[in-house]
Amino acid sequence: MVPQWIIEKKRDGGALSEAEIRAFVDGFTDGSIPDYQMAALAMAIFFKGMTGEETATLTDAMMRSGDLVSFDGWPRPTADKHSTGGIGDKLSLMIAPLAAAAGLAVPMISGRGLGITGGTLDKLDSIPGYDTRLPIGRFKQIIADVGCSIIGQTDRLAPADKKLYALRDVTGTVPSIPLITASIMSKKLAEGAETLVFDVKCGRAAFMRTREDAQALADSLTRVGRALGRKTAAIITDMDRPLGRAIGNALEVAEAVETLRGEGPDDTRTLTLELTAHMTVLGGIHPDLETARTALATLLDDGRALDVFRRMVAAHGGDTRVIDDPSRLPQAQAIVEVNAASEGHVTDVDALAIGRIVLQLGGGRTKTDDAIDYAAGIDRLVQVGEHVQAGQPLMRLHARDASLTERFIPDALAAVTLVPRRN
Ligand code: URA
């Protein structure tokens, strides 16, 4: 197999054979195909696309580049969800324990945040003692004991994706549906869950800005999942506005705990129930979505989902006292209220602007090795449809010092659109 012939075939719009795709991925993983040839192929795929069959083969080859976690013979059905990432998206923290409380086994391997998009691992790292770097054997033991576990990606899980993503990041080839599909799915499939539910975010702070692009990614993810023998569903959700009222790692853990208590903002609770309902229906726990929503709401309201979360945190070595007393989570030195300059109806809260503020307050990273301030972020954020009086708070900013919080007050005011009531 001559690598340049494969590149030329894709460059000219041809469909690659299974043998060609596997040879290329294997050669790239073991280093016999250099980065520059993989980058050229990625660019050819970016321009010419891939058929569903090619995308499934690419995904399978990348998945098989490392270890595969297996739950064969387990008594409970296995399921996971994946979100393409958004502002204030702390749903994994509720969905894993809720789905486990309903009877699923949930193996969840999550990532860190980059840019404005937060990552579940950073949120968990803000819980003192919680260890996200457990070996796969311990991960499986916790799932057997508790019902769910959330850890970080290991070097042995889909290593071809790790290498390829780093290359795509610096060669302008990230926004390609076949490449995104193979990247997301190779990791999720290697994790071993039989059912995968996708939350594809759409809007100004999402990876996919338009409904058409989000739908195309959702279709590609579900198609490839089914082609490779998994049960899949995808829903497209809004990312023009932040999810919930808290954005920032420790602040989001506090809001997740509130939601697990049966409280929390409506949008957060509703989407938690919706995504988990798809998991439990596909996983065979509930017969239909309506039954699932009702049963899952009870598990949130009666504390059973919170109990699973508590046991998961304990099994990972985390300090469970943060659940009863959120003041034990990392706390910012400076907290400032941002108050409305005039009375008005909230008609918009710009998720992109909010994400950028949180990043600059110290709550995110611009490079993968940047340090992060777990306490930084925004809470008590107003939501669309609410009414505020002049002088009432729109949100609170949290950061390590007052000069930082003060600096972002004008941006925070600009992120919220208030329309005065007409008399
Ligand atoms: N997330 C991934 O894991 N991979 C992509 O290519 C894009 C988003």
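In each ligand, atom 1 is the first atom listed, and ligand 1 is the first ligand listed.
- The side-chain tip of Lys201 does not point at the ring of Phe207 from less than 6.0 angstrom away and within 45° of straight on.
- Using a distance-only test at 3.5 Å, with no hydrogens or angles considered, a donor-acceptor pair links the side chain of Lys90 to the main chain of Leu243.
- For ligand 1, the polar-atom distance check against Arg168 finds a nitrogen or oxygen pair separated by under 3.5 Å.
- At least one heavy atom of Ile180 lies less than 4.0 angstrom from ligand 1.
- When only non-hydrogen protein atoms are considered, atom 1 (N) of ligand 1 lies nearest to Ile184 CG1, 3.9 Å.
- The number of heavy-atom neighbours closer than 6.0 Å to CZ of Arg400, taken from other residues, nucleotides and ligands shown, is 12 or below.
- Results of the side-chain hydrogen bond (donor to acceptor under 3.5 Å, both in side chains) test with His286 over Thr294, Thr280, Thr291 single out Thr280 as the only residue that passes.
- In terms of polar-atom proximity, Lys187 is counted as a contact of ligand 1, with an N or O under 3.5 Å from an N or O of the ligand.
- Residue, atom and distance of the protein heavy atom nearest to atom 8 (C) of ligand 1 are Phe207 CE2, 3.9 Å.
- With ligand atoms numbered from 1 in the order given, ligand 1 contributes 4 (N), 5 (C), 6 (O), 7 (C) to contacts under 4.0 Å with heavy atoms of Tyr165.
- The cationic atom of Lys81 (NZ for Lys, CZ for Arg) does not lie both less than 6.0 Å from the six-membered ring centre of Phe198 and within 45° of the ring axis.
- When hydrogens are left out, the protein atom nearest atom 2 (C) of ligand 1 is Ser183 OG, 3.4 Å; that is the closest non-hydrogen contact.
- At a threshold of 4.5 Å between non-hydrogen side-chain atoms, the residues Thr29 and Val25 count as touching.
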